[in-house]
Amino acid sequence: MFKPTEDFAKQLDQNDELSRYKDEFYLNEGQIYMDGNSLGLLSKRAEKSLLDVLDAWKIHGIDGWTKGEHPWFYLSEHLGERVAQLVGAKAKEVVVTGSTTTNLHQLVSTFYQPEGNRTKILADELNFPSDIYALKSQLKLHGLDPNEHLIRVKSRDGRTLNEEDLIEAMTDEVALVILPTVLYRSGQLLNIERITNAAHERGIKIGWDACHSIGAIPHDFHDLGVDFAYWCHYKYVNSGPGGVAGLFVHEKHFGTEPGLAGWFGSDKTKQFDMEHDFTPSESAGAFQIGTPHLLSVAPLIGSLELFEEAGINAIRQKSLRATEYLMYLVNEFLSDFNFTVGNPTDDARRGGHVCLEHAEAASICKALKANGVVPDFRAPNVIRLAPVAFYVSYQDVYKTVKIIKDIMENEIYKQYKNERDVIA
Ligand SMILES: *Cc1c(COP(=O)(O)O)cnc(C)c1O
């Protein structure tokens, strides 16, 4: 179906309806950006909405809370309504707030209610460290020893999780399950429906970390009855460094008192009554804490327009095709150089990036950067390459693999130390 030629890549680009979005983004001349799964690029629309919010401050001062194009007082909820479409939620089930890690703290402090024998939190040994730190500290706040009460399901191959193993670990001692939708290293997409159902059949609540799927993969959190979810917007949603995150709470849990209360979680009509008794909002908005970080929210206003225009299903289709093409080219051009594709190759189980493993991964990544490709390195041996649908063309994918081939053939990577930098 694919051909290993640059002409063929160009042909794929000509037939790609999303190719026109590349001009919407700031890309450096001659550079291929394959790191949108760590920090998405700035779009012109996100830049404009950030400037709009600055203007509102300039023009309206304090009245910006209720005046201007994007009144600040309602912005977190309004954006939540829009983000809801990316995760398959009802408008009131999503709010834009906090960071991934603080949202996880909020949601665990709300929905983790150890009782009798049910005291354990079930996670996995491959999740992002911050999630694990948060879970351990939440257990300690309950006076429980994380060594005993945090179960981390083991991976059989060091890359992926086996769904049977996850389900088998859901014993009657488990109170809460926290899992990533897509694993940040291997890019494995878990079967969210199957695992959510399995948890619920056993009377266990489940929350999903959607950092590596939001903006790349459509979800249906409401229909699946997922209890809660949380994610950042600065990866595939391109909302900028430190961009404010999001959370989903299923409407069946509206009215549950937030574990960490704050006045921005109030019913909006009551917030300025200044009462010392908290009246939480009847929505996911209840799980906000303090004043929203508006300047870090603002780029999302513009960025979401692109998702609304292109549609998350079209984005997923292109991403699947581009990662498939990337894997095909790796097989065509790099088979002599000891690379392993560490992600699941099946469409239904693959996230938005390709995980290339190599013993010299760190030095290969440095050589890639020096040669016009921005990859992402995860110690000790993973090169993550994300052909983001909006701004990576098939021709970029082709060139990337050819550049890797050149780096290997001519041993260019040997000019660099095989060690990670401070940020990797
Ligand atoms: C990116 C990422 C985070 C980052 O958390 P922040 O609070 O935004 O720093 C956490 N967990 C996962 C799984 C991630 O991919």
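Start at 1 and go down the list; that is how both ligands and their atoms are numbered. Source: prediction; values computed, not measured.
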Query raised in the report: Is Ser130 in polar range of ligand 1, meaning some N or O pair under 3.5 Å apart?
Result: no
Requested in this report: Run the salt-bridge test on Lys92 and Glu77 with the 4.0 Å N-O cut-off and return the result as yes or no.
Outcome: no
Report task. Could you tell me whether Lys120 and Glu173 have a side-chain N and a carboxylate O separated by less than 4.0 Å? Result ->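 A salt bridge is present here (some side-chain N lies under 4.0 Å from a carboxylate O).
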Query raised in the report: Just which atoms of ligand 1 are under 4.0 Å from any heavy atom in Ser99?
Result: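 The atoms of ligand 1 under 4.0 Å from a heavy atom of Ser99 are 7 (O).
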Requested in this report: Heavy-atom contacts with His212 under 4.0 Å: which atoms of ligand 1 show up? List them by number with element.
Outcome: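 Atoms satisfying the 4.0 Å criterion: 15 (O).
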Query raised in the report: How far apart are the C-alpha atoms of Phe248 and Asp227, what are their side-chain angles, what is the distance that settles it, and do they pass the side-chain contact (heavy atoms from CB on, under 4.5 Å) test?
Result: CA-CA 8 Å; Phe248 160 88; Asp227 293 286; over 6 Å; no
Please state which protein non-hydrogen atom is closest to [atom] and give its distance, to 0.1 Å?
atom	result
atom 3 (C) of ligand 1	Phe128 CE2, 3.6 Å
atom 13 (C) of ligand 1	Asp209 OD2, 3.2 Å
atom 7 (O) of ligand 1	Thr101 OG1, 2.6 Å
atom 2 (C) of ligand 1	Lys235 NZ, 2.5 Å
atom 4 (C) of ligand 1	Tyr234 OH, 3.2 Å
atom 11 (N) of ligand 1	Asp131 OD1, 2.7 Å

Query raised in the report: CG of Leu368 to OG1 of Thr400: how many Å apart, nearest 0.5 Å?
Result: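 Going from the CG atom of Leu368 to the OG1 atom of Thr400 covers 7.5 Å.
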Query raised in the report: Is it the case that Gln106 and Gln288 place a side-chain donor and acceptor less than 3.5 Å from each other?
Result: no
Query raised in the report: Relative to Phe337, does Lys405 satisfy both conditions: NZ or CZ under 6.0 angstrom from the six-membered ring centre, and within 45 degrees of the ring's axis?
Result: no
Query raised in the report: Should Phe390 and Phe25 be marked as a ring-ring contact (aromatic ring centres under 6.0 Å, His included) after you check the CA-CA gap, both sets of side-chain angles, and the distance that decides it?
Result: CA-CA 8 Å; Phe390 277 140; Phe25 287 84; 5.8 Å; yes
